[in-house]
Structure formats: C-alpha cells, structure tokens
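Scope of the values below: all heavy atoms of this structure, side chains included, with no hydrogens, waters or symmetry mates. What you are looking at is a predicted structure, and each value in this text was computed from that prediction instead of being measured. Position 1 is the first residue of the sequence; numbering continues from there.
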Amino acid sequence: MPLSKRQFELGIDSEAEDWMRQAYQFLAGHPDLAYSSSELEEAILGTEASSGRSGKLDHALDVLAEIGAFDKAKVRGTDYYAFREEFDTSTWERDLSRV
C-alpha cells in the first residue's frame, strides 16, 4: 500500500500514524502528566503488544517527539513522554490556529 508524502517524510506507515493519533489524543487529554513508553504501549496496543509492534510504537512516539508534539525524557533508564504542543493530526503540522 502506498504511503502519503507526509508518512514518507516521517518514516511511518498507516498503522504507525493511527498509533500516533491515539498517543497524541491520550497525552493531550492528560497535559499535566508524563507517561512511560510501556504505559503508552498498554494504553494503545493493550494485549496486542509484541516486540515488533512495540518497536514500531516506540518509533511512532519518537516521531511525535521529533516534530515537537511531545517532550521526551529518560528517567532512571525509562523513556517518558509528555504533551508539548497542539498539532493538526491530519497533517502533523503545528496547529497555528491555537497560537
């Protein structure tokens, strides 16, 4: 299946983009908290988690941090993510209407 130009630029496929939206909505709903990658994995993948899917989700979370939607920090060896900024989840560009 072909990728959109934006998916290609971000290095993700449709499944990873769906997970990005889920993670974004989850953290946007809890802007005062940071969640570990395993907590986000459980919230998004639930019992479907496998090493391949977990790695793909980790990449999707890192993409969100790279574009500035999330902050990422390592706390005692564990990656944590926190909501940073409003994004348009259809284009993955900053939502300038809220500035």
* For I67 and L10, which heavy atoms make the closest approach, and how far apart are they? -> CG2-CD2, 3.7 Å
* Asked: What closest approach, in Å, do A60 and A16 show between heavy atoms, and which atom pair accounts for it?
  ->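 That would be CB-O, 3.9 Å.
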* Decide salt bridge (Lys or Arg N to Asp or Glu O under 4.0 Å) for E17 and R6; before the verdict, give the C-alpha distance in whole Å, the side-chain angles of both, and the deciding distance to 0.1 Å. => CA-CA 10 Å; E17 186 172 17; R6 188 62 172 148; over 6 Å; no
* Asked: More than 12 heavy atoms of other residues, nucleotides or ligands under 6.0 Å from CD of E42: is that the case?
  -> no
* Within one Ile-Leu-Val-Met-Phe-Trp-Tyr cluster: L33 and L40, side-chain cutoff 4.5 Å -> yes
* S36 and E39: side-chain donor and acceptor closer than 3.5 Å? ->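 Yes, because at least one side-chain N or O of S36 sits under 3.5 Å from a partner of the opposite role on E39.
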* **Polar side chain donor-acceptor pair, Y81 to D62, under 3.5 angstrom** =>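 Distance-only check passes for Y81 and D62.
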Do the side chains of [Y] and [X] get nearer than 4.5 Å, heavy atoms only?
X   : Y   : value
D13 : K56 : yes
I12 : W19 : no
R53 : E15 : yes

Determine yes or no for a side-chain-to-main-chain donor-acceptor pair under 3.5 angstrom, with [X] supplying the side chain and [Y] the backbone.
X   : Y   : value
Q7  : S4  : yes
R84 : A69 : no
R94 : E86 : no
H59 : S54 : no

* Hydrophobic clusters join Ile, Leu, Val, Met, Phe, Trp and Tyr when side-chain heavy atoms are under 4.5 Å apart, directly or via other members; which others share one with V75? ->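 ILVMFWY cluster around V75 also holds Y80.
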* **side-chain contact (heavy atoms from CB on, under 4.5 Å) between M20 and T89, intermediate numbers included** => CA-CA 8 Å; M20 286 172 60; T89 60; over 6 Å; no
Let me check something: any side-chain donor-acceptor pairs from residues 24-32 under 3.5 Å, sequence neighbours excluded? List them with distances.
unit_1, atom_1, unit_2, atom_2, d
Y24, OH, F87, N, 2.8
Y24, OH, F87, O, 3.4
H30, ND1, F26, O, 2.8

